[in-house]
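Please read these numbers as outputs of a predicted model, since none were measured by experiment. Counting from 1, the numbers follow the sequence of the chain as shown. Any value given below was found using the heavy atoms of this structure, including those in side chains, with hydrogens, waters and symmetry copies removed.
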Amino acid sequence: MFGAELMRLIELFSDSNEDELAVLAVDALTDWSAEETDIAVLTEVLYGLHSYAGPRAEAALLAHAGHIDAGVRRAVANGLGTRLESTYLSDEAREALLALTTDADTDVRIVACCKVGETRNGDPALADVMAALLHHPERRVQVAAVYGLALHDDERCVEGADRLGPPRPGYRDEEIGYLDVAWRYQWRRDGI
């Protein structure tokens, strides 16, 4: 577990993905992910691939998209896609994220929905899957859907945020960050 976390931190804190240590860390993490059987260690290894957007890292993540453990699937959802400055999402990553937004585990759905939102690419299928989550029975999923739609500049985020109302007591800090994105979208739209 320590080794997995150390490799993740080397990659995470490197200056660039081309940095020699980052390349070595990603190589080690992708190879390691194919062989690891301990769920806690595998989860840490997959989280280590989060900030690397290369095809090897993506392939390593996709190999575990249907894993039996929800923590592993959350790590996959968290790692798929590219960094925020890019809107690119490979077809394979797109399909995996669409599937993960309907995962049986609420936390996997939330992470997948946030990652879909962060692609900010205006893909109608991605926006529609987030809009469908506005009607999910759990408020946390609805909040993530509002956030994702707002990042896509999708009008449906305003109605979703209005329906949710203000952040719940006890969850204010958690919800305000997500709902704030929708409010800012509405202000821009209305020229406030």
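- Hydrophobic clustering (side-chain heavy atoms under 4.5 Å, transitive across Ile, Leu, Val, Met, Phe, Trp, Tyr) keeps Leu164 apart from Ile110.
- For Lys115 (side chain) and Asn78 (main-chain N/O), a donor-acceptor pair under 3.5 Å exists by modelled atom type.
- Ion pairing between a basic and an acidic side chain is recognised when a charged N comes within 4.0 Å of a carboxylate O; Arg189 and Asp153 show no such pairing.
- At least one donor-acceptor pair under 3.5 Å links the side chain of Arg109 to the backbone N or O of Asp103.
- Rounding to the nearest 0.5 angstrom, the gap separating the CG atom in Asp180 from the OH atom in Tyr147 is 10.5 Å.
- One finds the CH2 atom of Trp32 at 11.0 Å from the CG atom of Leu49 (value rounded to the nearest 0.5 Å).
- No more than 12 heavy-atom neighbours from other residues, nucleotides or ligands sit within 6.0 angstrom of CD on Glu159.
- Salt-bridge annotation for Arg139 and Glu175: present, with a side-chain N of the basic residue lying under 4.0 Å from a carboxylate O of the acidic one.
- The distance from atom CD of Glu118 to atom CG of Leu97, rounded to the nearest 0.5 Å, is 10.5 Å.
- In terms of modelled atom types and a separation under 3.5 Å, the side chain of Arg163 and the main chain of Leu134 share a donor-acceptor contact.
- If you run side-chain contact (heavy atoms from CB on, under 4.5 Å) between Arg73 and each of Asp107, Leu100, Val111, Leu46, only Leu100 comes through.
- Without hydrogens or angle criteria, Gln142 side chain to Gly160 main chain gives no donor-acceptor distance under 3.5 Å.
- Tyr185 and Val116 sit in two unconnected hydrophobic clusters of ILVMFWY residues. Membership requires side-chain heavy atoms under 4.5 Å apart, directly or through other members.
- In this structure, Ala127 and Asp154 approach most closely via the heavy-atom pair CB-OD2, 3.6 Å.
- Taking CG from Asp31 and CD from Glu36, the interatomic distance works out to 13.0 Å, rounded to the nearest 0.5 Å.
- Within a 6.0 Å radius of OH in Tyr178, no more than 12 heavy atoms belonging to other residues, nucleotides or ligands are found.
- Taking every heavy atom of both residues into account, Ala182 and Ala161 meet most closely at CB-CB, 4.0 Å.
- For the pair Arg74 and Asp69, the salt-bridge criterion is not met [side-chain N within less than 4.0 Å of a carboxylate O].
- Linking ILVMFWY side-chain heavy atoms closer than 4.5 Å, directly or via other members, places Leu133 and Leu151 in two distinct hydrophobic clusters.
- In the model, Thr30 has a side-chain atom that pairs as donor or acceptor with a side-chain atom of Arg56 under 3.5 Å.
- Summarising the geometry, atom OG belonging to Ser33 is positioned 13.0 Å from atom CD belonging to Glu44; distances are rounded to the nearest 0.5 Å.
- No donor-acceptor pair closer than 3.5 Å links the side chain of Glu138 to the backbone N or O of Arg140.
- Cluster annotation: Leu126 and Val146 are assigned to the same hydrophobic cluster (Ile/Leu/Val/Met/Phe/Trp/Tyr, side-chain heavy-atom contacts under 4.5 Å, transitive).
- The shortest side-chain heavy-atom distance between Ile39 and His67 falls under the 4.5 Å cut-off.
- Across every non-hydrogen atom of Met130 and Ala145, the tightest pair is O-CB, 3.2 Å.
- Nearest approach of Ala96 to Leu62, heavy atoms of both residues: CB-CD2, 3.5 Å.
- You'll find the side chain of Thr119 reaches within 4.5 Å of the side chain of His152, heavy atoms only.
- The two atoms that bring Leu149 and Cys157 nearest to each other are CB-CB, 3.7 Å, heavy atoms only.
- Closest non-hydrogen pair, Pro167 versus Ile176, comes out as CG-CD1, 3.9 Å.
- Other residues, nucleotides and ligands contribute at most 12 non-hydrogen atoms within 6.0 Å of the CZ atom of Arg172.
- When hydrophobic clusters are built by joining Ile, Leu, Val, Met, Phe, Trp and Tyr residues whose side-chain heavy atoms come closer than 4.5 Å, directly or via intermediates, Leu179 is not grouped with Val158.
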